[in-house]
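These notes concern the structure reproduced below.
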Amino acid sequence: MSVRVNRRAVLAALLLAGTATAAAPILPDVAGLHALWGDEAMVVRGESSFVVGHHAPAELLGDLARRADAAGRRVAAVLGGRVRPVVLVPASTPEAAGLAGVASVDGLAAMADGGRVIVVPEFFARLTPTGRDVVLTHELTHVAAGTGGLPIWLYEGFADYVAYRDAGLPLRVAAAELAAEVRAGRVPRRLPGPADFALQGDGARLARAYQEAWLACRFLAGHRGERTLVRLYREAQEGGADRALAALGLSTGTLTERWRAYMLDQLA
């Protein structure tokens, strides 16, 4: 049920949202949110999620709470513990960019920002229902698992692994852009890096970068087990990706070779 609340109620609800367990996502900047929308904030509480909207339709906030609850369960199924999502829904794309402290969010449907997920209403509305679930789960994975100290292929690929794990989409549909390249004989030669994810003006190339990263993590989970993938992620955060891969008897070069063969096998 949605309710319009004052700033004091928003702060109180945020504090309650953070009392679950040590496995819960870090709280957002409650002081900043307290001063952000004031009496114009509308709050929806899900079973485990907390959604705050600014001039957002109550129906959207309710739908987001239900989807965030489901996304939290999906993330917890992989990471363990309990995940309590905090989702913010600004009134516009410029407001979303300002909230995240970035110049532009063009093309982004949502983003992880500290301990919260910020939805970009204009682009989120264009997604299919499955797409909304995938995006929320992806961003919530970033919030719950963290990204610090990791190569971009690992944290983006891991977030997509969790997001697509129970989405029910065939591989060639979810990785359509990459599949087209592989069938044309253009198999990527290296794991995607920061430059590949910075190509906001090239939607197809950006999509392939995410798909390439996803399949690297999907390969690791398929051949070494999901628990091993999670352990690799945690160990890479603590000691670096090269060291974590070496503990599995892999180097980046060996992983790349096997990942390329996996893409040929799965997508050609």
### Message
Determine whether Thr252 and Asp242 satisfy the following criterion, side chain to side chain donor-acceptor pair (under 3.5 Å), listing intermediate values before the conclusion.
### Response
CA-CA 7 Å; Thr252 300; Asp242 289 342; 3.2 Å; yes
Okay, side chain of [X], backbone of [Y]: is any donor-acceptor separation there less than 3.5 Å?
X: Arg208; Y: Pro188; result: no
X: Gln211; Y: Leu178; result: yes
X: Glu226; Y: Ala221; result: no
X: Arg132; Y: Ala125; result: yes
X: Arg234; Y: Ala145; result: yes

*asked:* Using 30° and 60° as the class boundaries, would you call the ring planes of His54 and Trp37 parallel, tilted or perpendicular?
replied: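 Rings of His54 and Trp37: parallel, as their planes differ by under 30°.
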- Query: Can you say whether the rings of His223 and Phe219 are parallel (under 30°), tilted (30 to 60°) or perpendicular (over 60°)?
  - Reply: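 Aromatic pair His223/Phe219 classed tilted.
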Worksheet item: Would Val117 and Leu136 satisfy side-chain contact (heavy atoms from CB on, under 4.5 Å), going step by step from the backbone distance to the final call?
Response: CA-CA 8 Å; Val117 174; Leu136 282 175; 4.3 Å; yes
For a quick test of reading the model, state the closest non-hydrogen atom pair linking [X] to [Y] and the distance between them.
X: Gly81; Y: Ala76; answer: O-CB, 3.5 Å
X: Pro85; Y: Ala68; answer: CG-O, 3.3 Å
X: Ala71; Y: Leu140; answer: C-CD2, 3.8 Å
X: Ser48; Y: Asp69; answer: N-OD1, 3.0 Å
X: Thr141; Y: Ala159; answer: CG2-CA, 3.8 Å
X: Val89; Y: Pro121; answer: CG1-CG, 4.2 Å

Note to self: Taking the basic N atoms (NZ, or NE/NH1/NH2) and the acidic carboxylate oxygens, is any pair closer than 4.0 Å for Asp113 and Arg116?
What the structure shows: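 Answer for the salt bridge query: yes.
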| Charged N to carboxylate O below 4.0 Å: is that the case for Arg205 and Glu181? | no
Taking the side chain as C-beta and beyond, is there a heavy-atom pair between [X] and [Y] under 4.5 Å?
X: Tyr161; Y: Leu220; value: no
X: Arg227; Y: Val78; value: yes
X: Tyr233; Y: Leu154; value: yes
X: Thr137; Y: Asp166; value: no
X: Arg224; Y: Leu250; value: yes
X: Val143; Y: Val86; value: no
X: Leu229; Y: Cys217; value: yes
X: Arg67; Y: Ser49; value: no

**Report entry** Arg243, CZ: over 12 other non-hydrogen atoms inside 6.0 angstrom
**Finding:**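 Result for CZ/Arg243: open.
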Should Glu156 and Asp196 be marked as a side-chain contact (heavy atoms from CB on, under 4.5 Å) after you check the CA-CA gap, both sets of side-chain angles, and the distance that decides it? CA-CA 12 Å; Glu156 293 295 2; Asp196 300 302; over 6 Å; no
In Å, rounded to the nearest 0.5 Å, how long is the span from [atom1] of [X] to [atom2] of [Y]?
X: Leu232; Y: Thr228; atom1: CG; atom2: OG1; value: 8.5 Å
X: Thr93; Y: Phe124; atom1: OG1; atom2: CZ; value: 13.0 Å
X: Leu264; Y: Trp259; atom1: CG; atom2: CH2; value: 10.5 Å
X: Asp133; Y: His138; atom1: CG; atom2: NE2; value: 14.5 Å
X: Met263; Y: Leu215; atom1: CE; atom2: CG; value: 7.0 Å

Let's go through Gln237 and Leu150 carefully: what are the C-alpha distance in whole Å and the side-chain angles of both, what is the deciding distance for side-chain contact (heavy atoms from CB on, under 4.5 Å) to 0.1 Å, and is it a yes or a no?
CA-CA 6 Å; Gln237 287 178 308; Leu150 298 172; 3.7 Å; yes
### side chain to side chain contact (heavy atoms under 4.5 Å, CB included) partner of Leu61, chosen from Val51, Val119, Val52, Val87
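Of the listed options, the one satisfying the test is Val51.
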Note to self: Enumerate the side-chain hydrogen bond (donor to acceptor under 3.5 Å, both in side chains) contacts for residues 72-81, please, sequence neighbours excluded, ordered by first and then second residue.
What the structure shows: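 Every pair satisfying side-chain hydrogen bond (donor to acceptor under 3.5 Å, both in side chains) with a residue in residues 72-81: there are none.
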Apply side-chain contact (heavy atoms from CB on, under 4.5 Å) to the pair Val105 and Met111, showing each step before the final yes or no. CA-CA 9 Å; Val105 293; Met111 70 199 93; 3.2 Å; yes
Residues at least two apart in sequence or cross-chain that pass salt bridge (charged side-chain N to carboxylate O under 4.0 Å, His left out) with Arg189, listed by chain then number, are none
The ring pair (Phe, Tyr, Trp, His ring centres under 6.0 Å) partner of Trp214 among Tyr164, Tyr155, Phe158 is Tyr164
